[in-house]
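Notes for the one structure printed next.
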Amino acid sequence: MEKGLIPRDRFTESSQTYFLTHLHTDHIQGLTSKWGKGSLFCSKLTAKLLPFKFPDFNLSLLQVVDLHIWHSFSLISPTTRSQITAHVMAFDANHCPGVMFLFCREFGCLMYTRDFLWEVDSERAKDARSRLLNVLKNETVDVLYLDNTYCNPSYDFPTREVVDIIASHPEHDIVIGIDTLGKEELLIHISRVLNIKIWVWPERLQTMHLLGFHDTFTTKTSLTRVRAVPRYSFSVETLEGLNIREDYPTIGIMPSGLLWVLKPVKGDGNLFGSLLISRYKKRQPSDKLDGNLGYVERYHQYMFSIPYSDHSCFTEIQEFIELVQPTNMKGIVSSSSCYMLTHFTTSVAFVV
DNA sequence: GCGATCAGCT
DNA sequence: CACAGCTGATCGC
């Protein structure tokens with residue numbers, strides 16, 4: 001495609017079209033309540049959530065892109081000034097929620113995953129896979145712009161372990177750190193497996209309702225011992241405070257893909273003979289990038305970190321690339337690109 | 001006084 | 001390093 005015709009979710013610059021994949025802060029820079037630069041293409045769900053973030057947003061500027069259906073839009077060629085018709089299709093990115101965009105026009109296709117989680121095993125994953133293959137049998141992706149955040153074989157995110165932690169602390173209150181959007185699937189999973197409601201703060205409950213989750217979450221503390229709270233509102237100190245009263249022992253769980261963000265507290269490792277300590281290997285500093293990171297760490301008496309992310313892990317990225325078979329590829333996270341070069345150069349050329 | 005942007009932190 | 005923010009300072013209106 002010609003330069004200047006590549007749509008992307010960056011809103012500070014002037015552009016002919018604007019595409020919004022999801023509402024995480026790092027993807028809406030330049031977007032405000034007073035937005036007026038032009039039409040904004042996004043999914044139906046993002047359109048529902050957007051006024052929650054930007055109350056005065058002019059909703060007539062939103063162009064809803066339904067999933068799995070081609071939408072046409074017009075562009076002016078920067079070189080010939082002639083009008084071009086381009087087509088866009090959105091796919092579920094399983095991220096917070098978010099979508100991926102496939103752009104096509106006469107001379108080729110581009111695919112932008114932005115932040116995405118490409119599931120491999122579930123029924124939903126099979127459906128997503130067949131839908132994508134069905135579209136790509138007629139189209140070749142010239143450049144795949146890929147979420148390579150965790151593009152390293154070390155990364156794996158098993159979700160079962162968080163349930164194990166909660167189940168093995170039947171007398172404890174549980175506090176889980178989350179953000180304003182994202183990690184819904186993890187909470188749903190916990191709720192379903194343990195048959196328990198999950199407390200969230202009032203604004204988060206509204207968001208959950210907008211996302212279509214009407215039964216799982218509550219703002220009544222009396223209904224559950226599991227609370228999902230803003231990540232920034234609790235810390236080891238908060239938990240220590242809660243545990244001063246012995247009638248409500250509380251443990252905290254921090255789900256994150258970036259495990260080394262959570263630094264273990266020194267001298268705290270072997271004091272607690274719980275089941276979990278013996279089940280999960282204690283991570284050594286040298287394990288950071290070459291060992292398997294996929295296990296739970298109890299890095300404080302009351303705090304656990306679990307490997308979990310709304311981004312794809314390595315095997316999921318691998319499967320996605322094999323499915324799309326792009327001619328060229330570019331990672332959106334520069335520091336991870338070296339791993340992409342290491343692992344995928346045999347089949348795909350890189351755009352630097 | 002408000003919103004937008006940025007530095008610093010996690 | 002970097003997830004997806006948060007807090008606080010500063011600047012323009």
Side-chain angles (χ1 to χ4, degrees), chain A residues 9-13 20-37 46 49 52-58 93-98 113-117 146-157 159 162 175-187 200-201 203-204 207 228-239 252-265 283 285-291 293-294 297 299-300 303-314 316-317 331-342:
Chain A
D9 53 355
R10 184 171 301 169
F11 307 98
T12 46
E13 296 164 15
L20 173 63
T21 57
H22 66 290
L23 283 170
H24 275 157
T25 310
D26 53 335
H27 289 261
I28 55 175
Q29 296 300 304
L31 207 55
T32 69
S33 278
K34 298 189 177 94
W35 174 259
K37 285 186 177 177
T46 296
L49 292 167
F52 200 62
K53 196 138 198 149
F54 302 116
D56 301 326
F57 201 93
N58 179 0
N94 292 310
H95 182 91
C96 90
T113 68
R114 286 302 167 184
D115 291 356
F116 86 128
L117 191 158
L146 179 74
D147 173 11
N148 58 326
T149 307
Y150 297 118
C151 192
N152 183 296
S154 306
Y155 291 110
D156 189 18
F157 305 123
T159 58
V162 68
V175 177
I176 305 169
I178 58 168
D179 290 311
T180 52
L181 266 182
K183 310 247 184 338
E184 288 82 17
E185 291 297 324
L186 176 67
L187 301 178
V200 288
W201 63 102
E203 292 80 6
R204 197 56 153 107
T207 302
V229 306
R231 189 160 49 99
Y232 278 84
S233 78
F234 91 107
S235 62
V236 166
E237 287 73 29
T238 321
L239 285 172
I253 296 173
M254 280 290 193
S256 175
L258 297 167
L259 287 187
W260 56 92
V261 166
L262 305 166
K263 294 190 175 68
V265 177
R283 178 150 39 97
S286 59
D287 289 334
K288 267 186 183 177
L289 285 176
D290 38 37
L293 299 185
E297 175 165 3
Y299 75 103
H300 178 270
M303 188 78 96
F304 293 83
S305 70
I306 60 152
Y308 184 87
S309 177
D310 286 339
H311 294 261
S312 302
C313 70
F314 180 76
E316 292 161 344
I317 294 172
I332 61 171
V333 181
S334 57
S335 68
S336 293
S337 295
C338 52
Y339 298 118
M340 281 178 62
L341 286 166
T342 310

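Letters A, B, ... mirror the listed sequences (proteins, then strands); counts begin at 1. Worth knowing before you read on, the calculation uses all heavy atoms, side chains too, and leaves out hydrogens, waters and symmetry mates.
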Would you mind classifying the nucleic acid contact of D310(A) as base, sugar-phosphate or nothing, using non-hydrogen atoms under 4.0 angstrom?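 No contact.
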
| If you look at every strand shown and take non-hydrogen atoms under 4.0 Å, does S309(A) touch a base, only sugar-phosphate, or nothing? | nothing

Just the rounded figure in Å: distance from [atom2] of [N] to [atom1] of [X].
X: H95(A); N: dG5(C); atom1: NE2; atom2: P; result: 8 Å
X: Y150(A); N: dC1(C); atom1: OH; atom2: P; result: 15 Å
X: H27(A); N: dA4(C); atom1: NE2; atom2: P; result: 6 Å
X: D115(A); N: dA2(C); atom1: CG; atom2: P; result: 14 Å
X: Q29(A); N: dG5(C); atom1: CD; atom2: C1'; result: 11 Å
X: H24(A); N: dA2(C); atom1: NE2; atom2: P; result: 18 Å
X: Y308(A); N: dA4(C); atom1: OH; atom2: C1'; result: 15 Å
X: D26(A); N: dC6(B); atom1: CG; atom2: P; result: 15 Å

Measuring from the side chain of [X] (C-beta onward, heavy atoms only), which nucleotide among [options] has the closest atom?
X: H311(A); options: dC3(C), dG5(C), dA4(B); answer: dC3(C)
X: T32(A); options: dC3(C), dG5(C), dA4(B); answer: dA4(B)
X: T149(A); options: dA4(C), dT5(B), dC3(C); answer: dC3(C)

Result for side-chain contact (heavy atoms from CB on, under 4.5 Å) between K53(A) and one of L181(A), L31(A), T25(A) points to T25(A)

D115(A)/H24(A) under side chain to side chain donor-acceptor pair (under 3.5 Å): CA gap, chis, key distance, verdict: CA-CA 10 Å; D115(A) 291 356; H24(A) 275 157; 4.7 Å; no

Phosphate contact (dC6(C) OP1 or OP2) by T25(A) side-chain N/O below 4.0 Å
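Checking dC6(C) against T25(A), no side-chain N or O comes under 4.0 Å of OP1 or OP2.
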
Student check: side-chain heavy atoms of I176(A) and P255(A) closer than 4.5 Å
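Counting from C-beta outward, I176(A) and P255(A) do come under 4.5 Å.
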
Donor-acceptor pair under 3.5 Å, Y232(A) side chain vs dT10(B) base:
yes

* Asked: Within the side chain of N148(A), is there an N or O that forms a donor-acceptor pair under 3.5 Å with the backbone of V333(A)?
  -> yes

> Parallel, tilted or perpendicular: which fits the ring planes of F57(A) and W35(A), with parallel below 30° and perpendicular above 60°?
Replying inline: parallel

